[in-house]
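All residue numbers in this chain count up from 1 along the given sequence. Note: hydrogens, waters and symmetry copies are ignored here, and every other heavy atom, side chains too, is used.
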Amino acid sequence: MFIEDKKKTARQLVGVEKWKRSKSYGALSNGSGILEWVGGMGKTYTAIELIVKPYLMANKGYQIVCILIPRIELIEQWKKEVRARLGESFLDRVLIYTPHYLIQNNIQVLRVNLLVVDELHMFYGDEFIQYINKTKIYFEYNLGLTATFEDMSGRHKKIESLWKVIDKIDPDYALEQGFISRFQEYNLGLELSEEDKNAYNILSRVIGKESGKFEPFGYHAAVKILFGGKDKNGKYFEAIAWANLWARKQGWKPNCAPEVNDMWNPYKVIGYAKKLMTAINTRKSFINTHSLKLSIGLALVKRFKGIKTITFGQDTTFTDLLHGDCLTNGIKSVVYHTVLASRPMKDKEGEWITYQSGKKKGEVRLFGKTSLKKYAINSIRNNQADIIHTAMALDIGFDVQNMRIGLIFSRGNNFNSQKQRGFRVYRVDPFAPDDKVLVVNIYFKGTIDEKWLANAQSKTSTPIHEVETIEEIDFNPNADKFEI
C-alpha cells in the first residue's frame with residue numbers, strides 16, 4: 001500500500017507543478033487553474049499540503065489564503081485538515097468561508113492572495129458566481145477543486161477565462177492506476193404493477209396536456225409564472241409579470257373577446273402553471289417514494305448486511321422510511337438530511353440521554369438538526385453504524401474511506417450528481433486497499449425514472465450491468481476474482 005501511496009503522491013505533484021506553471025496549460029497566468037480530479041484522488045490533501053502550505057512558508061509576509069466552500073457542512077472537514085496539515089502557526093492566515101457567511105456578515109469585498117474554491121462546480125449559479133469572478137473576492141492566485149467541471153447547461157463557460165482546467169484525472173485513468181477502488185455498477189430495473197402504471201400514465205397525460213400550453217418552454221415557463229425569474233438578459237420580473245406576458249403571447253389583452261379572456265387571462269395562465277407543477281411533483285413523489293423501492297432497498301441492505309453502505313434518494317420522506325425499516329430489522333442505521341426533526345438519542349449503553357441540569361434535569365433530551373447530523377457522520381465514521389441514508393445533502397464532500405456500497409434509489413437527470421454519488425464509495429480504504437465496491441441504481445422501467453437514469457449516466461464510460469432481480473447482483477468486496 002505504501003508503494004501505491006507514493007505513486008498517488010507522485011501524480012498529485014504533477015498537478016501541483018502544472019498549477020505553478022499554469023500559463024503553459026492555457027491559464028492567464030501562473031498559479032491559476034482547476035484540478036479536475038475524480039473523487040478519492042486527494043484534492044483536499046493536495047490543496048493544503050502541497051500548495052497552500054508551501055505557499056505560506058515561502059511568503060513570510062502576511063499573505064492571506066481564503067478557502068471558499070459551498071456548504072457549511074464542509075467547514076469542519078476543512079478546518080480539521082488545515083489544523084492537521086498547517087499547525088497553529090498559519091491558522092490566522094487561512095480563512096475558511098461559505099458565501100452564506102460572507103452574505104450574513106455583510107462582507108462586500110474580500111481581498112486575498114490565494115483563493116482556493118472547493119467543489120467549484122457549485123459556484124456557477126447567479127448567486128455564487130460573483131464570489132469566483134473577482135467581483136466579491138479579489139485574488140492574485142486561484143486554485144479550483146472539482147471532480148465535475150462541465151455543467152449540463154453550459155454555465156461553466158462563464159468562468160473559463162479565469163478558471164482553466166490545467167490537470168484532469170478521470171475515473172478510467174484513476175481505476176487503471178489503482179487510485180480508486182475497483183467497482184462494479186448495476187442498474188436494477190423494477191416493474192410497476194398494472195394499477196400503478198395506470199396511475200402513472202394519468203399523471204403523465206396531465207403533464208403533457210398542461211405543458212403543451214407553455215410550449216416551447218414547458219416547465220421552465222411555468223416556474224417563472226409561479227415564482228418569478230430572469231429574462232434572457234438577466235433582468236428579474238415578478239411572477240405576475242410573467243403571467244401577463246404569457247397571456248398576451250396567447251392573444252389576451254384587456255377587453256379582448258370573452259372566449260380569449262376565458263381561456264388565456266393571466267389568472268387562468270397561473271392556474272395552468274399550478275396544475276402542471278402539481279402533476280409534475282406528484283409524479284416525482286410517486287416514483288421517488290414508491291413502496292416497491294422501499295422493499296427492494298431493505299432486501300438489498302439485508303443481502304449485504306454488515307458492509308458499510310450509503311443510500312441516496314431525492315426525497316427525505318423516502319430516506320426516513322428506509323432508515324426506519326432498517327432500524328426495525330435490527331440494522332445499525334443513521335440518517336442525514338437537511339430537514340431532520342428533533343428527536344431523542346441513546347448513549348453507548350443504549351440508555352436515553354437526559355438533561356443533566358436545570359428545570360428539565362432527568363427528562364429525555366431532544367436533539368436538533370445540527371446535533372443529529374453530526375451524530376450520523378460520527379456514527380458511520382466510527383463504525384457504530386453500517387448504513388447512512390441521505391437524500392442529496394451528501395452528494396459532495398462526504399469522505400469515509402471504508403464505504404463499500406452505494407445504493408441510488410432516485411435521481412434527477414444531472415450527470416454530475418450521478419458521478420458525485422459514485423465518488424462517495426470509490427475511495428480506497430487504506431486498511432483494505434484491495435477491497436472492491438458496488439454501486440446499484442434502482443429505477444422503474446418505462447417511466448421518467450428510466451429517462452433520468454439514462455441522462456445521469458450519459459457521461460459514464462465504465463461498464464454497467466442491467467439486471468432485474470437482486471439475486472443477479474454478484475458482489476463480494478473481498479473476492480479475489482472481480483469483474484470490471
Review point. Going from CG on Leu190 to CD1 on Ile296, what distance comes out if it is rounded to the nearest 0.5 angstrom?
Key: 5.5 Å

Study note, to complete from the structure: Correct closest heavy-atom pair for Met403 and Thr309 would be SD-C, 3.4 Å

Practice item. Might you confirm whether atom NZ of Lys197 has over 12 heavy atoms from other residues, nucleotides or ligands at distances under 6.0 Å? Key: yes

Exercise for review: Check the surroundings of atom NZ in Lys360: do more than 12 heavy atoms from other residues, nucleotides or ligands lie under 6.0 Å from it?
Suggested key: no

Check your understanding: Any side-chain donor-acceptor pair under 3.5 Å between Gln184 and Lys436?
Key -> no

Check your understanding: CD1/Ile166 to NZ/Lys20 distance, rounded to the nearest 0.5 angstrom?
Key -> 12.0 Å

Point to revise | Residues Tyr219, Met277; criterion side chain to side chain contact (heavy atoms under 4.5 Å, CB included); working and verdict | key: CA-CA 8 Å; Tyr219 167 83; Met277 294 301 291; 3.5 Å; yes

Check your understanding: For atom CD of Glu471, is the number of surrounding heavy atoms from other residues, nucleotides or ligands below 6.0 Å larger than 12?
Key -> yes

Check your understanding: Is Leu50 close to Tyr45 at the side-chain level, that is, under 4.5 Å between some pair of heavy atoms?
Key -> yes

**Study point:** Donor-acceptor under 3.5 Å (Lys275 side chain, Glu210 main chain)
**Key:** no

Check your understanding: Would you say the side chain of Arg283 lies within less than 4.5 Å of the side chain of Ile448, judging by non-hydrogen atoms?
Key -> yes

Practice item. Mind listing the closest non-hydrogen atom pair of Asp151 and His156 along with its distance? Key: N-ND1, 3.1 Å

Practice item. Considering only NZ, NE, NH1 and NH2 on the basic side and carboxylate oxygens on the acidic side, decide whether Lys293 and Asp449 come within less than 4.0 Å. Key: yes

Study note, to complete from the structure: Looking only at heavy atoms, the pair that brings Lys308 and Ile380 closest together is NZ-O, 2.9 Å

Practice item. Using atom types as modelled and distance alone, determine if a side-chain donor or acceptor of Asn382 lies under 3.5 Å from a backbone N or O of Gln384. Key: no

**Study point:** Sidechain N-carboxylate O distance under 4.0 Å for Glu160, Lys157
**Key:** no

Practice item. Check for a donor-acceptor pair, side chain of Arg303 on one end and backbone N or O of Ile473 on the other, with a separation under 3.5 Å. Key: yes

Review point. Quick one: which of Leu145, Leu120, Asp167 gives a side-chain contact (heavy atoms from CB on, under 4.5 Å) with Ile34?
Key: Leu120

Check your understanding: So, Trp19 side chain and Ile51 main chain: donor-acceptor pair closer than 3.5 Å or not?
Key -> no

Review point. So, does Ser22 use its side chain to make a donor-acceptor pair with the main chain of Ser32 at under 3.5 Å?
Key: yes

Point to revise | Residues Gln356 and Thr354: side-chain donor-acceptor under 3.5 angstrom | key: yes

Check your understanding: Is the shortest heavy-atom distance from the side chain of Trp78 to the side chain of Ile48 under 4.5 Å?
Key -> yes

Exercise for review: Drop me the distance from Leu366's CG to Ile353's CD1, to the nearest 0.5 angstrom.
Suggested key: 11.5 Å

Practice item. Return the minimal non-hydrogen interatomic distance between Thr282 and Thr278, and the atom names on each side. Key: OG1-O, 2.7 Å

**Study point:** Side-chain heavy atoms of Trp163 within contact of Val117, under 4.5 Å
**Key:** yes

Review point. So how far is it from Leu453 CG to Ile408 CD1, rounded to the nearest 0.5 Å?
Key: 8.5 Å

Check your understanding: What is the distance from atom CH2 of Trp37 to atom CD of Gln12, rounded to the nearest 0.5 Å?
Key -> 5.5 Å

Review point. Does Gly208 offer a backbone N or O that forms a donor-acceptor pair with the side chain of Ser211 under 3.5 Å?
Key: yes

Check your understanding: Pick one: which of Phe318, Phe444, Tyr200 meets ring pair (Phe, Tyr, Trp, His ring centres under 6.0 Å) with His290?
Key -> Phe444

Practice item. Name the orientation class of the two ring planes belonging to Tyr131 and Phe128 (parallel below 30°, tilted from 30 to 60°, perpendicular beyond 60°). Key: perpendicular

Review point. Of Phe475, Tyr186, Phe183, which meets ring pair (Phe, Tyr, Trp, His ring centres under 6.0 Å) against His465?
Key: Tyr186

Exercise for review: Could you go through the side chain to side chain contact (heavy atoms under 4.5 Å, CB included) check for Val165 and Thr146 one step at a time?
Suggested key: CA-CA 10 Å; Val165 176; Thr146 182; over 6 Å; no

Review point. To the nearest 0.5 Å, what is the distance between OG1 (Thr289) and NZ (Lys284)?
Key: 12.5 Å

**Study point:** Ring geometry between Tyr124 and Phe149 (parallel below 30°, tilted from 30 to 60°, perpendicular above 60°)
**Key:** perpendicular

Study note, to complete from the structure: Note: Glu185 and Asn441 closest approach over all heavy atoms is OE2-ND2, 2.8 Å

Check your understanding: Okay, side chain of Trp352, backbone of Arg365: is any donor-acceptor separation there less than 3.5 Å?
Key -> no

Practice item. Determine, for Asp325 against Lys302, whether the closest basic-nitrogen to carboxylate-oxygen distance falls under 4.0 angstrom. Key: no

Practice item. Would you check, one step at a time, whether the test side chain to side chain contact (heavy atoms under 4.5 Å, CB included) holds for Phe90 with Val52? Key: CA-CA 10 Å; Phe90 290 129; Val52 171; over 6 Å; no

Check your understanding: With distance as the sole test, does Ser371 use its side chain to make a donor-acceptor pair with the main-chain N or O of Gly368 at under 3.5 Å?
Key -> no

Practice item. Taking all non-hydrogen atoms of both residues into account, name the closest pair between Ala391 and Arg421 and its distance. Key: O-NH2, 3.2 Å

Practice item. Check whether any side-chain N or O of Ser458 sits under 3.5 Å from a backbone N or O of Asn455 as a donor-acceptor pair, and report yes or no. Key: yes

Review point. Do His389 and Thr319 have side-chain atoms, one donor and one acceptor, less than 3.5 Å apart?
Key: no

